A.B. asks: 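Quick one: the structure is below, and I'll ask about it shortly.
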Amino acid sequence: MNGEITDAIIEAAKKYAETFFKTDTSGHDFFHTMRVCRIASYIAKEEHADPYIVQLAALLHDVDDRKLSPETYKHKDRAVSFMQKHHISNFVYRLICTIIEEVSYQGTDSVTPSSIEGKCVQDADRLDALGAIGIARVFAYSGSRNRPLYDPTIKPMLSMDKETYYQHQSTAINHFYEKLFYLKDMMNTETAKRIAEQREQYMKNFVTVFLNEWDMADFIEGITSAAK
């Protein structure tokens, strides 16, 4: 178990993340960070990973996110600044930065983390994109980016590479097909795979009901137009 990351540093990282994300409405808020931290900690316990490395990486994983902070993304400026302030050693500093670098979904260019701690954090981040909260986050993020709810004339683009995925503009419903329904089979740990099964099924049921209701609305509109 890591000896230099103390409970005090973990608490400081929580406060740092809370300050940074307090105004976020895109689904990447402080509560997302804390859910990822809790889920990652649970996975770490089940998978025998270092809990302090996992917690610190989880708490810092979005502070330099490409979508939220493109100006600090490349060098992980905010995470680095926090760790330097708290005198984290070079070895641990590099490990945390590697975990953060590897965590993001990048389409067909997504990477498998090089450490068990990284696998725990990546799995936790992806689990928070699934299930009921995952559904809510899709629509929160889409709204923050002015993306339409759904447009049947816009078809999902599947199996995108990293650059195509980052540049692609789509709809909220298409995001389920373009990313979220891939995640279950990309989980690294057996613990996460078990959790992902139920969460993915819930999402698939939701999308089925959504599309059925959408089709019914079109059906009713067609009947109403024909009766005029």
Side-chain angles (χ1 to χ4, degrees), residues 24-29 31-40 42-43 46-47 58 61-62 65 67 102-113 119-162 164-222:
D24 183 87
T25 56
S26 74
H28 297 81
D29 53 19
F31 298 108
H32 162 67
T33 295
M34 289 306 299
R35 286 192 305 271
V36 171
C37 186
R38 286 194 294 269
I39 298 169
Y42 171 74
I43 297 172
E46 296 295 306
E47 302 291 334
H61 85 279
D62 264 349
D65 183 83
K67 300 182 295 297
E102 294 174 339
V103 72
S104 295
Y105 178 81
Q106 300 179 5
T108 57
D109 294 316
S110 297
V111 300
T112 299
K119 291 175 181 177
C120 293
V121 177
Q122 187 186 73
D123 280 358
D125 189 45
R126 289 176 175 178
L127 283 171
D128 203 54
L130 298 176
I133 288 176
I135 292 169
R137 292 183 65 219
V138 168
F139 294 109
Y141 185 78
S142 294
S144 75
R145 296 300 189 269
N146 297 313
R147 294 180 178 177
L149 189 69
Y150 177 55
D151 184 340
T153 67
I154 302 174
K155 302 304 179 184
M157 185 178 292
L158 306 180
S159 301
M160 290 180 277
D161 62 20
K162 178 172 68 174
T164 304
Y165 175 75
Y166 284 146
Q167 296 171 13
H168 183 58
Q169 296 294 320
S170 192
T171 70
I173 290 297
N174 281 0
H175 188 64
F176 289 86
Y177 296 97
E178 293 171 345
K179 174 184 176 181
L180 303 181
F181 291 156
Y182 288 112
L183 296 183
K184 175 178 69 68
D185 294 332
M186 298 175 73
M187 295 295 167
N188 302 289
T189 64
E190 293 303 316
T191 304
K193 290 174 184 177
R194 291 193 296 270
I195 299 171
E197 288 278 355
Q198 181 271 333
R199 294 193 180 194
E200 184 194 65
Q201 189 57 56
Y202 185 89
M203 294 184 88
K204 286 187 172 180
N205 291 343
F206 167 81
V207 172
T208 297
V209 172
F210 179 98
L211 294 175
N212 285 342
E213 291 181 3
W214 187 284
D215 289 342
M216 179 57 71
D218 287 344
F219 176 71
I220 293 171
E221 181 180 353

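Side chains are part of it too, since the values below use all heavy atoms of this structure and drop only hydrogens, waters and symmetry mates. Owing to the predicted nature of the structure, the values given are computational and were not obtained by experimental measurement.
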A.B. asks: Report the distance from atom OG of Ser144 to atom CZ of Phe139, rounding to the nearest 0.5 Å.
C.D. replies: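 Answer for the OG-CZ pair, Ser144 versus Phe139, is 13.0 Å.
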A.B. asks: Quick check against the 3.5 Å criterion: does Glu178 have a side-chain atom that pairs as donor or acceptor with the backbone of Met157?
C.D. replies: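 Yes: the side chain of Glu178 pairs with the backbone of Met157.
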A.B. asks: Is the backbone of Asn188 close enough, under 3.5 Å, to the side chain of Asp123 for a donor and an acceptor to pair up by distance?
C.D. replies: yes
A.B. asks: So with a 6.0 Å cut-off around CZ of Phe31, is the heavy-atom count from everything else above 12?
C.D. replies: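 No, because the 6.0 Å sphere around CZ of Phe31 holds 12 heavy atoms or fewer from other groups.
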A.B. asks: Atom NZ in Lys179, atom CE in Met160: separation rounded to 0.5 Å?
C.D. replies: 10.5 Å
A.B. asks: Could you check whether any side-chain N or O of Tyr182 sits under 3.5 Å from a backbone N or O of Gly107, counting only pairs where one atom can act as donor and the other as acceptor?
C.D. replies: no
A.B. asks: What is the minimum heavy-atom distance between Pro156 and Asn174, and which atoms define it?
C.D. replies: CG-OD1, 3.5 Å
A.B. asks: For Glu47 and Thr191, indicate whether the former's side chain and the latter's backbone hold a donor-acceptor pair under 3.5 Å.
C.D. replies: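 A pair under 3.5 Å: yes.
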A.B. asks: Do His61 and His32 have side chains that get closer than 4.5 Å, going by heavy atoms?
C.D. replies: yes
A.B. asks: Quick one: does Asp109's side chain get under 4.5 Å of Tyr165's, heavy atoms only?
C.D. replies: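 Not in contact.
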A.B. asks: With a 4.5 Å limit on heavy-atom distance, are the side chains of Leu183 and Met203 in contact?
C.D. replies: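 A side-chain contact is absent here, since even the closest heavy-atom pair is not under 4.5 Å.
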A.B. asks: Using a 4.5 Å cut-off on heavy atoms from C-beta on, say whether the side chain of Phe206 contacts that of Leu211.
C.D. replies: no
A.B. asks: Atom OG1 of Thr164 and atom NZ of Lys162: how far apart are they, to the nearest 0.5 Å?
C.D. replies: 11.5 Å
A.B. asks: Shortest non-hydrogen contact from Ala192 to Leu127?
C.D. replies: O-CD2, 3.8 Å
A.B. asks: Looking at OG1 of Thr33 and CG of Asp128, how far apart are the two atoms once the value is rounded to the nearest 0.5 Å?
C.D. replies: 9.0 Å
A.B. asks: Which distance, rounded to the nearest 0.5 Å, do you find between the CG of Leu149 and the CH2 of Trp214?
C.D. replies: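 Interatomic distance, Leu149 CG to Trp214 CH2, rounded to 0.5 Å: 5.5 Å.
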A.B. asks: Heavy-atom distance under 4.5 Å between the side chains of Met186 and Ser110, does that happen here?
C.D. replies: yes
A.B. asks: Between Gly27 and Ala140, what is the shortest heavy-atom contact and its length?
C.D. replies: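 So the two residues come closest at N-CB, 4.2 Å.
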A.B. asks: Test Phe181 against every option in Leu130, Leu158, Val207 by the side chain to side chain contact (heavy atoms under 4.5 Å, CB included) rule and name the one that passes.
C.D. replies: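 Answer to the side chain to side chain contact (heavy atoms under 4.5 Å, CB included) test with Phe181 among Leu130, Leu158, Val207: Val207.
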A.B. asks: Step by step, work out the side chain to side chain contact (heavy atoms under 4.5 Å, CB included) result for Tyr105 and Asp125.
C.D. replies: CA-CA 10 Å; Tyr105 178 81; Asp125 189 45; over 6 Å; no
A.B. asks: Assess the residue pair Glu46 and Thr189 against the criterion (side chain to side chain donor-acceptor pair (under 3.5 Å)); give the C-alpha distance rounded to whole Å, side-chain angles, the decisive distance to 0.1 Å, and a yes or no.
C.D. replies: CA-CA 9 Å; Glu46 296 295 306; Thr189 64; over 6 Å; no
A.B. asks: Between Arg126 and Gln122, is there a side-chain heavy-atom distance shorter than 4.5 Å?
C.D. replies: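 Yes. Closest side-chain heavy atoms under 4.5 Å.
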A.B. asks: Roughly how far, to the nearest 0.5 Å, is CE of Met187 from OG1 of Thr112?
C.D. replies: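 Nearest 0.5 Å value for the OG1-CE distance: 12.5 Å.
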A.B. asks: Applying side chain to side chain contact (heavy atoms under 4.5 Å, CB included), run through Gln106 and Tyr166 and close with a yes or a no.
C.D. replies: CA-CA 8 Å; Gln106 300 179 5; Tyr166 284 146; 3.2 Å; yes
A.B. asks: Does a side-chain heavy-atom distance below 4.5 Å link Tyr141 with Arg147?
C.D. replies: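 A side-chain contact under 4.5 Å exists here.
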A.B. asks: Nearest heavy-atom pair of Val36 and Ala58: which atoms, and what distance?
C.D. replies: CG1-CB, 4.1 Å
A.B. asks: Taking all heavy atoms of Pro113 and all of Glu102, pick out the closest pair and write down the distance.
C.D. replies: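 Closest approach of Pro113 to Glu102, heavy atoms only: CA-OE1, 3.2 Å.
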A.B. asks: Okay, side chain of Asp62, backbone of Asp65: is any donor-acceptor separation there less than 3.5 Å?
C.D. replies: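 Looks like no, no N/O pair under 3.5 Å.
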A.B. asks: Within the 4.5 Å heavy-atom criterion, are Arg137 and His28 side-chain neighbours or not?
C.D. replies: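 The answer is yes; the side chains approach within 4.5 Å.
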A.B. asks: Of all heavy-atom pairs between Ala124 and Ile43, which one has the smallest distance, and what is that distance?
C.D. replies: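 Scanning both residues, the minimum pair turns out to be N-CD1, 4.1 Å.
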